[in-house]
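Read the structure below first, then the notes.
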Amino acid sequence: MTTTLLRGGRIHNPAEPAATCLAITDGVVSWIGPDTGVEQAGHIDETIDLDGLFVAPAFVDAHVHCTDAGLALIGLDLRGARSLTQALDLLRAHAASSDAGLIWGHGWDDAGWPERRPPSRSEIDAAVGGRPTYLSRIDVHSAVVSGAIGDRLDTARPGFSPDGPLTQDSHHEARGLARSLLSDADRTAAQRAFLTHAASRGMVEVHECAFSDPQALADLAGLLALDAPVAVRAYLGQAVTDPAEATALLARTGAHALGGDLSVDGALGSRTASLHAPYADHAGTGVRYLSDDQIADHLVACARAGIQPGFHAIGDDAVAAVAGGLRRAAEILGGTLPLAAVAPRIEHAEMISAADIDILSRCGAIASVQPLFDALWGGTDGVYVQRLGVDRAAPMNPFAAIAAAGVTLAFGSDAPVTAAEPWQAVRAAVNHRTPGSSVTPRAAFTAHTRGAHRAARRLDRGVLTVGSVADLAIWETGPLVRPEAAELAQRWSTDPRSRVPLLPDLAPHAPDPVCVATVAAGRVAFDTGLLVSSSLPR
């Protein structure tokens, strides 16, 4: 038994907001208190001087795609391109500097480009010299490819285009072809790069949202076998119809649950999110991938198997379909308790009505949401307004209404769609671009820590209290501030006597805290040197 004392810091703890010390004994928080009470911690084997650093519960990213996110980190990242011309310049430079057999790029967003179109196949071929190239749109629901991939596609598949973006089944086929060209070493390097990045951002776990095609399953197996600094909880996007099928699927794949990107629809940017009414800039209403019966059957089968189910749903039709599936499943199961017991998840839920929120609340569902979506695409002139018009775009991502109804919020990045930067996500939720939709700093921080643990059906993680697992991150940050509260809670939550833990400044332009070290279940997952001499295991 070894006890390490972190002393002289600022500890985020609801029971002892003035605490400056925290002790870890064999991976568990064994004492929290002020410097003046250190003798109460018992025998101390070693002491680490924090020198005023901020210690807080570690983050969990509730929605990621590890391989793709890693490829964006070490490969071609087009998220910074502000025009078609700039995107092609970046592609050309990457092709010239890389000898990889496959060029994998991510992040173009033509909605904000002056040309208002992505690269054509001929433009891509000219830039890469005929090499196999796959370039996903920022939402990863469409892509453009080079001729080396495009010429191999089935032109009869839905979503095929000879020169424009590929969507629906054609995109899935192109993506599968591109993945087949990645070597095991390529995949492992990408996964390790992303998980190392996650640890350096104060994360102790990510929720991988995996697909069910052969390439994706091989990818998932490699990810789960990786000796990584942070934990991976795997959500497999495959629908089931009976409990035995659900149980066998988890046993065969190593996945922990059946949800994540089990897609009811696509994405707004690619015009594949399923809507009740047509897009403002397009005649269609998007794409529905799962029927009402498939949604209800999946929920019932998972509930009976004791397995957590979930769905990807963005458009109002898709979100309403999940809510309707929850209602039907509750009727079949004899009530909402069997559903609440498995904590169904809905990923994204961007266009959700008050009635749908109520159903999620009654069924114990989790809303796994991405605040940086609003930061990127919200406002009066963003992609939401382009695709939906002002009236339908205004109520997007209503975090305040979801939280007020008692639905657990769990924050994630959907990396590589948005950056896996937890403080930026928390800041985006606090500074929502639609008045009335933001949540308090306290609620936002909780959603990226304790809420994300609850999304994994864990109720005892995500806080720093005596007896809790030592999942923590140590930050260099400026003065801590008392979180502001919603108007109805103003008196109790801002009064110093309420003992609300302080947080870093989350104003729009305040700097992000910098991670100094991350400890995952008592083990050092990331360290800039603070813990180098400690006996905490690596």
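Fair warning: this is a prediction, and the values are worked out from it, not measured in the lab. If you read the sequence from its start, that first residue is 1, and numbering goes on from there.
Between the T418 side chain and the S413 main chain, a donor and an acceptor come within less than 3.5 Å of each other. Distance alone, capped at 3.5 Å, places no donor-acceptor pair between the Q294 side chain and the A239 backbone. Here the side chain of T518 pairs no donor or acceptor atom with the backbone of S200 at under 3.5 angstrom. Panel note: side chain H94, backbone W104; no donor-acceptor pair is recorded below 3.5 Å. Formation of a donor-acceptor pair under 3.5 Å by the D110 side chain with backbone atoms of P119 is not found in this model. When atom types are taken as modelled, the side chain of D61 and the backbone of G412 share no donor-acceptor pair closer than 3.5 angstrom. Proximity of a side-chain donor or acceptor of H197 to a complementary backbone N or O of A420 within less than 3.5 Å is detected. Between the side chain of T434 and the backbone N or O of S437, no donor-acceptor pair lies under 3.5 Å. At distances below 3.5 Å, at least one donor-acceptor pair connects side-chain atoms of Q86 with backbone N or O atoms of R82. Judged purely by atom type and a 3.5 angstrom limit, R457 uses its side chain to pair as donor or acceptor with the backbone of A341.
Evaluated for a ring-ring contact (aromatic ring centres under 6.0 Å, His included) with F445, the options F411, F59, W475 yield exactly one hit, F59.
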Walk me through it: do F311 and S263 pass the test side chain to side chain contact (heavy atoms under 4.5 Å, CB included)? CA-CA 6 Å; F311 302 95; S263 295; over 6 Å; no
Test side chain to side chain donor-acceptor pair (under 3.5 Å) on E350 and Y384 and set out the steps. CA-CA 10 Å; E350 293 194 81; Y384 293 154; 2.2 Å; yes
Salt bridge (charged side-chain N to carboxylate O under 4.0 Å, His left out) evaluation trace for R201 with E421: CA-CA 7 Å; R201 294 319 190 257; E421 299 286 351; 3.0 Å; yes
Mind running side chain to side chain contact (heavy atoms under 4.5 Å, CB included) on Q308 and L258 for me, showing each step along the way? CA-CA 6 Å; Q308 186 177 28; L258 295 175; over 6 Å; no
Could you go through L195 and V232, starting from their C-alpha distance and side-chain angles, then the distance that decides it, and tell me whether this counts as side chain to side chain contact (heavy atoms under 4.5 Å, CB included)? CA-CA 9 Å; L195 294 174; V232 176; 4.1 Å; yes
In sequence, state the C-alpha distance, the side-chain angles, and the governing distance for D512 and R427, and then conclude on salt bridge (charged side-chain N to carboxylate O under 4.0 Å, His left out). CA-CA 9 Å; D512 287 341; R427 192 185 311 278; 2.7 Å; yes
Could you walk me through whether R345 and H207 pass the side chain to side chain donor-acceptor pair (under 3.5 Å) test, one step at a time? CA-CA 12 Å; R345 289 176 53 149; H207 295 177; 3.0 Å; yes
For a side chain to side chain contact (heavy atoms under 4.5 Å, CB included) check, start with the C-alpha distance between I307 and V240, then their side-chain angles and the critical distance, and finish with the verdict. CA-CA 11 Å; I307 291 170; V240 294; over 6 Å; no
Before giving the answer on side chain to side chain donor-acceptor pair (under 3.5 Å), spell out for S361 and D358 the whole-Å C-alpha distance, their side-chain angles and the decisive distance to 0.1 Å. CA-CA 5 Å; S361 177; D358 179 65; 5.6 Å; no
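Side-chain contact check for I352 versus I402: some heavy-atom pair is nearer than 4.5 Å. The shortest side-chain heavy-atom distance between Y289 and V264 does not fall under the 4.5 Å cut-off. Counting heavy atoms from C-beta on, the side chains of V204 and R461 never come closer than 4.5 Å. Between S468 and D460, the closest side-chain pair of non-hydrogen atoms is not below 4.5 Å. Side-chain contact between R233 and V206 is absent, with no heavy-atom pair separated by less than 4.5 Å. Here the side chains of S368 and I346 are not in contact, with every heavy-atom distance at 4.5 Å or above. Proximity of L135 to V145: side-chain heavy atoms (C-beta onward) are nowhere separated by under 4.5 Å. Within the 4.5 Å cutoff, the side chain of C515 has heavy atoms near those of the F526 side chain.
Looking at every heavy atom in both residues, S142 comes nearest to P165 through CB-CB, 4.4 Å. The two residues A415 and F194 come nearest to each other via the heavy atoms CB-CE1, 4.0 Å. Minimum heavy-atom separation, G389 to A280: N-CB, 3.7 Å. Annotation for A510 and D505: closest pair CB-O, 3.5 Å, computed over non-hydrogen atoms. Here the closest heavy-atom approach between residue P57 and residue G462 is recorded as CB-O, 3.4 Å. Across all their heavy atoms, H141 and D265 have their closest contact at CE1-O, 4.1 Å.
Ionic pairing of E205 and R458 is present here: one or more N-O contacts between side-chain nitrogen and carboxylate oxygen are shorter than 4.0 angstrom. Salt-bridge annotation for D316 and R392: absent, with no side-chain N of the basic residue lying under 4.0 Å from a carboxylate O of the acidic one.
Annotation: the span from T336 atom OG1 to L326 atom CG amounts to 10.0 Å, rounded to 0.5 Å. One distance of note links CZ of R179 with CZ of R187; it measures 9.5 Å at 0.5 Å rounding. Here the CG-NE2 distance, from L262 to H312, works out to 10.0 Å after rounding to the nearest 0.5 Å. In this structure, NE2 in H453 is found 13.5 Å from OG1 in T408, a value given to the nearest 0.5 Å. With rounding to the nearest 0.5 Å, the separation of CG in L91 from OG1 in T133 is 6.0 Å. Within the model, atoms CG of L268 and OH of Y279 stand 5.0 Å from one another, a figure rounded to the nearest 0.5 Å.
Between the side chains of D414 and H65, at least one donor N or O sits under 3.5 Å from an acceptor N or O. Between R137 and H171, the side chains place no donor N or O within less than 3.5 Å of an acceptor N or O (distance only, hydrogens not considered). Looking at S136 and H106, their side chains do bring a donor and an acceptor atom within 3.5 Å of each other.
Under the salt bridge (Lys or Arg N to Asp or Glu O under 4.0 Å) criterion, the residue pairs touching residues 276-289 are R271-D281, D281-R387, R288-D292, R288-D317, with sequence neighbours excluded.
By the salt bridge (charged side-chain N to carboxylate O under 4.0 Å, His left out) test, D261 is found to be paired with no residue, residues two or more places apart in sequence or in another chain being considered.
Using cut-offs of 30° and 60° on the angle between ring planes, the pair F373 and W377 is tilted. Ring pair W108/W113 is tilted by interplanar angle, where 30° to 60° counts as tilted. In this structure, H348 and H63 have tilted ring planes: the angle between them lies in the 30° to 60° band.
Summarising the local packing, CD of E115 is surrounded by more than 12 heavy atoms from other residues, nucleotides or ligands at distances under 6.0 Å.
Aromatic rings of Y235 and H256 (six-membered ring for Trp) have centroids beyond the 6.0 Å cut-off, not under it.
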